[in-house]
Amino acid sequence: VVAGQTYHLTLALGFDPESLWDKRLAYTNEVWRLLGLNLLSTVTFFHLPIRSVLSWFVPLGGMLTFLVTSGAAHSADSAQALHVVFLVALSLVAWNGSSRIEVLTRTKWRAMRQVEEQQASIVDKEEQIRRQAHTVSLLQRVAGVFCDTLVYLESDLRISSTADAFFEQPVKGVPFMDFLGEEDSMRFQACVQRARISQLPECMAVTLRRKFTTGEVHLLLMDMGGGSTRYMLGIRVEQSLDAVCLGADDVMDGSV
């Protein structure tokens with residue numbers, strides 16, 4: 001009855017339309033203007049790209065407009081104050097709904113961005129793994145041709161493959177640096193660090209101390225990435241010191 005004072009609504013509520021229309025309950029144009037301003041505020045909240053921290057200007061502007069237009073025609077009364085409170089309450093409800101939707105939208109957007117970043121990271125890692133596997137495969141072919149033996153090392157630099165004939169003793173599980181001198185061991189650890197950081201093959205010359213022979217060798221080291229077997233090590237023997245010493249002794253003895 002207060003919202004529209006229509007004939008059918010008045011009869012449905014059991015009142016006499018003529019008696020109610022003579023009373024000053026509410027003005028129809030003011031009520032519809034109030035609802036129109038609230039509708040404008042609600043539409044603005046939910047359809048215009050305004051952040052919730054700034055959108056409180058919309059109900060404030062609507063309330064000020066309502067007060068100015070109402071005060072220009074009528075003096076302030078309790079009914080008008082009730083309209084203002086009603087408008088503020090409806091605007092706060094609309095603002096709260098808009099703020100919650102904004103929070104949910106931002107949360108969903110952040111989650112989607114995180115998923116996209118993770119997918120991009122996975123794709124990059126897969127591509128990196130493919131390139132590294134291709135590089136390792138090529139290096140294995142090259143090392144198989146130019147090196148005397150291939151040895152695979154674990155992350156702690158223990159030998160994980162079998163090369164007993166080359167080292168002249170069982171070597172699986174033995175630290176590779178046991179076959180190097182102190183200075184060469186330090187240089188080899190530095191070489192491992194460089195290979196781990198650069199992900200590129202590293203080369204160095206060392207003195208390899210096998211069980212029965214000692215010789216100068218060149219090492220080709222490649223970091224193959226994660227897994228139980230971390231490094232591939234190609235070994236090429238350049239010169240056997242024992243053979244050189246033996247040849248010199250033979251010359252001195254006159255046997256050669």
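Just the heavy atoms: all of them, side chains too, but no hydrogens, waters or symmetry mates, feed the values below.
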Side-chain contact test, heavy atoms from C-beta onward, threshold under 4.5 Å: evaluate it for L233 versus L220 and give yes or no. no
Report yes or no: does S121 contribute a side-chain atom to a donor-acceptor pair with the main-chain N or O of E117 at less than 3.5 Å? no
Which class fits the ring pair F176 and F167: parallel under 30°, tilted 30 to 60°, perpendicular over 60°? perpendicular
Quick one: does any side-chain atom of D184 pair with a main-chain N or O of V206 as donor and acceptor, under 3.5 Å? no
Decide, yes or no, whether a salt bridge links E183 with R187 under the criterion of side-chain N to carboxylate O below 4.0 Å. no
Mind checking whether K108 and L104 have side chains closer than 4.5 Å, heavy atoms only? no
Work out which heavy atom in T149 is nearest to a heavy atom in A163; give both atom names and the distance. OG1-CB, 4.2 Å
Any side-chain heavy atom of C147 sitting closer than 4.5 Å to one from I235? no
Evaluate the side-chain proximity of S161 to V151: yes if any heavy-atom separation is below 4.5 Å, no if none is. yes
Test: E154 and R230 ion pair at under 4.0 Å: no
Are any of the side-chain nitrogens in E238 or R236 under 4.0 Å away from the carboxylate oxygens of its partner? yes
Which atom names give the shortest non-hydrogen contact between S155 and R196, and what distance separates them? O-NH2, 4.4 Å
Does a sphere of radius 6.0 Å around CD in E182 hold more than 12 heavy atoms from other residues, nucleotides or ligands, not counting ones at 6.0 Å or beyond? no
R158 versus G173, closest heavy-atom pair with distance: NH1-O, 2.8 Å
Nearest 0.5 angstrom please: E202 CD to C191 SG, how far? 5.0 Å
Is the backbone N or O of K211 less than 3.5 Å from a side-chain atom of Q169, with the two atoms forming a donor-acceptor pair by type? no
Do any N or O atoms from the side chain of E168 and from the backbone of A165 form a donor-acceptor pair under 3.5 angstrom? no
Hey, does R209 have a side-chain heavy atom less than 4.5 Å from the side chain of T214? yes
Approximate separation, where rounding is to 0.5 Å, of M177 CE and L153 CG: 9.5 Å
D148 (side chain) donor-acceptor with V237 (main chain) under 3.5 angstrom: yes
Which heavy atom of P170 sits nearest a heavy atom of D164, and at what distance? CA-OD1, 3.3 Å
Between the side chain of D223 and the main-chain N/O of L200, is any donor-acceptor distance below 3.5 Å? no
Can you name the nearest heavy-atom pair linking A195 to L221, along with the distance? CB-CD2, 4.2 Å
Measure the shortest side-chain to side-chain distance between Y231 and M222 over non-hydrogen atoms and say whether it is less than 4.5 angstrom. no
Mark yes when over 12 heavy atoms from residues, nucleotides or ligands other than R130 sit less than 6.0 Å from its CZ; otherwise mark no. yes
Nearest 0.5 angstrom please: T107 OG1 to E102 CD, how far? 10.0 Å
Centre of F166's six-membered ring, under 6.0 Å away, within 45 degrees of the axis: is that where NZ or CZ of R210 sits? yes
Taking S160 for its side chain and Y152 for its backbone only, find out whether a donor-acceptor pair lies under 3.5 Å. yes
Do L219 and M186 share a hydrophobic cluster (ILVMFWY, side-chain heavy atoms under 4.5 Å, transitive)? no
